[in-house]
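Below: the structure, in structure tokens.
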Amino acid sequence: MKVFSVIGARPQFVKAAVVSKALMEKTGTSEFLVHTGQHFDDNMSQVFFEEMGIPKPSANLGISGGGHGAMTGQMLLKIEELLVDESPDCVLVYGDTNSTLAGALAASKLNVPCAHVEAGLRSENRAMPEEINRILTDHACDLLFAPTEEAVKRLNREGIADEKVVRTGDVMLDAALLFGEKSRSKSTILDRLSLREKGFALCTLHRAENVDSRDVLNWLIEGLGQVAENLPVVLPVHPRTLARMKEFELMDQLASEIKIVDPVGYLDILRLESSASLIMTDSGGMQKEAFFQKVPCVTLRSETEWIELLPGGHNRLVRPMIESISEKAEEALSSNPDWSVDLYGDGNSSETIAQAIIDHW
Ligand code: UDP
């Protein structure tokens with residue numbers, strides 16, 4: 001069986017690392033891996049291929065930047081050409097980016113069966129480009145791998161047939177478990193940044209609604225500065241966020257206790273996550289990784305797709321421009337959630353996905 005996988009952005013490299021591995025362990029399965037080029041900097045792309053042993057892409061489309069429509073359209077065109085040439089048995093897409101939507105649309109227009117890893121996630125905020133990508137992808141695909149019970153329910157509520165939906169658990173847990181030991185033995189990031197175990201907060205920011213508005217970004221930087229008065233903050237800064245901070249002339253507003261670094265690779269981020277006493281983020285993946293590492297999280301957004309982390313106090317939202325980041329950080333630091341709850345499966349989600357693809361097609 002030939003699987004045609006489409007990836008292009010950082011979180012997709014993490015997910016594909018474990019799913020590709022599970023697929024390759026099945027006899028008679030081959031993969032045609034397409035990198036759309038959406039993320040292209042070495043530290044946003046190449047480092048994940050090297051550290052996580054992701055196979056070299058069969059094709060790199062080199063498509064990045066520009067408007068959402070232009071980017072998605074160019075990807076659609078190129079993926080369609082490749083699908084016609086390669087005649088795969090199915091297409092596999094991940095998450096919620098423009099690469100995800102382009103892969104799902106190209107497949108469905110050619111009647112090639114398509115599967116979606118991380119199906120059924122919703123923020124209920126249609127202004128988010130990712131939300132539209134998720135909804136359209138789920139409704140274009142034939143097999144939906146839902147990580148959580150909530151995601152399964154959501155797909156049912158949207159009228160998607162039960163037989164299309166498989167509850168798999170979360171592949172990011174597989175990745176965190178698979179690379180945890182290697183991160184502990186290989187990563188030197190704590191020494192490089194002079195950090196103490198449990199002596200800092202880790203922060204990432206990249207969502208359009210946070211970084212594309214000068215007011216919101218300024219508010220975030222001020223709030224992080226307040227947290228940093230008591231707890232140093234490490235901020236591996238996403239290229240988009242850095243560009244906006246420069247454009248809005250906000251670099252000088254950064255408190256000196258906020259340590260800005262380039263984006264780090266997967267082994268280093270796992271080490272930072274497990275050693276932090278607090279994670280503050282607008283990343284979808286890092287909210288779950290905080291839970292995997294038993295570190296309380298503050299999500300710098302008004303809503304989250306990963307709602308199962310809220311009731312037990314593993315995570316809390318801080319509404320930008322309305323609530324106080326430092327108050328929520330204090331609340332998180334003094335919380336004592338039950339880390340033993342099973343929300344994301346047992347770390348074998350990628351195996352479940354590989355087997356379901358083989359059984360289905
Ligand atoms: N990540 C990383 N290096 C960093 C920041 C994040 O390896 O400097 C990882 C993070 O641990 C997670 C993934 O990138 O596995 C999440 O990607 P991102 O936050 O870009 O996307 P989202 O999850 O919000 O879709």
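In each ligand, atom 1 is the first atom listed, and ligand 1 is the first ligand listed. FYI, the numbering just counts along the sequence from 1.
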Nearest to atom 21 (O) of ligand 1, what protein heavy atom do you find, and at what distance? P11 CG, 3.4 Å

If the contact criterion is a heavy-atom separation under 4.0 Å, does E130 count as touching ligand 1? no

Can you sort out which atoms of ligand 1 are near H206, meaning under 4.0 Å from one of its heavy atoms? 18 (P), 19 (O), 20 (O), 21 (O), 24 (O)

Report yes or no: does a heavy atom of M44 sit under 4.0 Å from some atom of ligand 1? no

Just to be sure I read this right, does ligand 1 sit under 4.0 Å from the backbone of V264, its side chain, both, or neither, counting only heavy atoms? both

Per-atom contacts of ligand 1 with F48, taking only distances under 4.0 Å to non-hydrogen atoms: 2 (C), 7 (O)

Backbone or side-chain N or O of T204 under 3.5 Å from ligand 1 N or O: no

Looking at W339, is K294 sitting on its ring face, NZ or CZ under 6.0 Å from the six-membered ring centre and within 45 degrees of the normal? no

Would you say T299 and L310 make side-chain contact, with heavy atoms under 4.5 Å? no

Please name the pair of heavy atoms, one in A176 and one in Q293, separated by the smallest distance, quoted to 0.1 Å. CB-NE2, 4.3 Å

Under 4.0 Å from a heavy atom of G284: which atoms of ligand 1 are those, numbered in the order shown and with their elements? 22 (P), 23 (O), 24 (O)

S283 and ligand 1 - part of the residue with a heavy-atom distance under 4.0 Å: both

Ligand 1 to E273, heavy atom cutoff 4.0 Å, flagged ligand atoms 11 (O)

